[in-house]
Amino acid sequence: MGQNVFFQLNHPVRYVRLVAAIVAIDDLGPRYTLLTMDDGSGATIEVKITRLDTAKSASSTSLLDTEVENVKVRAQLGVFDVLVDGKILDIGTVIKARCTLGSFRGVRQLELKRVALVHTTDEEARAWADLADFKQDVLSKPWVLTSAELKNLEDEVNGERRKLRERVRRRQEYEAKKAEKRRRHEERVEKRRRKEEEKITKGASDR
């Protein structure tokens with residue numbers, strides 16, 4: 001794992017698709033909202049929603065924007081709601097979510113990026129079938145590069161290294177020319193200064 005990238009049979013995984021029911025909704029102050037999700041796997045997982053405008057007062061009656069376009073939060077005295085496409089989420093609501101991976105205090109956590117409501121059991125069943133197909137067809141098969149793919153990647157990396165070396169060489173040449181130009185300018189200035197000094201000295205001695 002690195003930079004919130006996890007691996008499944010060598011597949012680099014940055015995003016997770018989730019079809020699950022909400023079992024808890026928590027208001028974590030002015031910045032975050034936490035949905036606890038149960039997908040029937042035997043363990044729950046937390047999905048974090050990040051609010052954009054934290055400066056609005058808790059007494060404001062307006063909806064607060066989040067990083068997810070169709071998700072709003074209403075947070076005021078005695079009232080707290082999370083809305084998806086204008087519909088208030090409740091315990092038991094089933095959603096389809098696309099999230100990035102992360103962790104908080106050693107506990108795996110997801111951060112919401114896209115979400116849609118699941119309205120019927122048929123829709124939920126189709127969503128589960130899509131996830132099962134993706135797991136079987138993609139994630140269950142180890143990701144292995146062929147020799148040709150590996151060579152292409154190596155060529156690409158070597159090409160980038162050559163470009164970088166060329167940029168460094170050009171920069172060094174530029175800096176060297178700039179330093180040489182500055183040195184010549186300083187020599188000319190010093191030469192003129194000496195001539196002026198000689199004139200002044202000569203003029204003083206002639207008096």
Side-chain angles (χ1 to χ4, degrees), residues 1-135 137-140 143:
M1 183 186 72
Q3 297 181 340
N4 292 333
V5 177
F6 294 75
F7 290 89
Q8 168 72 21
L9 294 179
N10 288 343
H11 291 278
V13 178
R14 291 186 59 198
Y15 297 96
V16 169
R17 288 190 293 171
L18 181 69
V19 180
I22 300 171
V23 296
I25 303 174
D26 295 297
D27 177 17
L28 302 184
R31 184 67 172 164
Y32 301 112
T33 298
L34 211 59
L35 305 179
T36 303
M37 311 298 301
D38 184 359
D39 64 355
S41 62
T44 60
I45 191 164
E46 296 175 341
V47 177
K48 183 174 68 175
I49 301 172
T50 303
R51 304 175 206 173
L52 294 180
D53 191 351
T54 61
K56 287 185 179 181
S57 169
S59 62
S60 174
T61 58
S62 60
L63 296 176
L64 305 177
D65 293 328
T66 72
E67 289 187 346
V68 186
E69 184 177 358
N70 63 332
V71 178
K72 309 290 183 183
V73 171
R74 180 187 292 117
Q76 58 192 86
L77 188 61
V79 177
F80 179 76
D81 293 314
V82 180
L83 296 87
V84 173
D85 295 322
K87 303 293 184 181
I88 297 176
L89 299 185
D90 203 351
I91 304 303
T93 300
V94 178
I95 61 174
K96 293 188 296 183
R98 186 173 189 259
C99 310
T100 53
L101 288 154
S103 61
F104 179 70
R105 295 178 179 173
V107 177
R108 190 70 54 82
Q109 189 179 76
L110 305 179
E111 182 158 355
L112 191 66
K113 297 302 177 184
R114 294 180 186 173
V115 64
L117 297 173
V118 177
H119 298 282
T120 66
T121 53
D122 286 343
E123 188 179 349
E124 183 178 358
R126 288 196 300 271
W128 272 109
D130 289 342
L131 292 181
D133 290 343
F134 181 76
K135 182 177 181 181
D137 297 340
V138 180
L139 292 182
S140 294
W143 183 48

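FYI, the numbering just counts along the sequence from 1.
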Once you round to the nearest 0.5 Å, how far does [atom1] of [X] lie from [atom2] of [Y]?
X	Y	atom1	atom2	value
Leu112	Met37	CG	CE	9.0 Å
Arg17	Arg98	CZ	CZ	8.5 Å
Leu35	Thr44	CG	OG1	12.0 Å
Asp85	Lys87	CG	NZ	9.0 Å
Leu64	Leu52	CG	CG	9.5 Å

If we only count heavy atoms from C-beta on, is the [X] to [Y] side-chain gap below 4.5 Å?
X	Y	answer
Ile88	Arg74	yes
Ile22	Thr36	no
Thr50	Tyr32	yes
Leu63	Asp81	no
Leu34	Ile49	no
Leu18	Val47	yes
Val71	Val82	yes
Val68	Val115	yes

What are the two closest heavy atoms between [X] and [Y], and how far apart are they?
X	Y	result
Asp38	Val23	CB-CG1, 3.7 Å
Leu117	Val84	CD1-O, 3.9 Å
Ala21	Gly92	CB-O, 4.2 Å

For this session: Go through the steps to decide whether Leu110 and Thr100 satisfy the test side chain to side chain contact (heavy atoms under 4.5 Å, CB included), and finish with yes or no.
Result: CA-CA 6 Å; Leu110 305 179; Thr100 53; over 6 Å; no
Problem set entry | side chain to side chain contact (heavy atoms under 4.5 Å, CB included) assessment of Val19 paired with Glu124 | CA-CA 7 Å; Val19 180; Glu124 183 178 358; 4.2 Å; yes
Exercise. Which of these passes salt bridge (Lys or Arg N to Asp or Glu O under 4.0 Å) with Glu67: Arg114, Arg51, Lys113, Lys72?
Worked result: Lys113
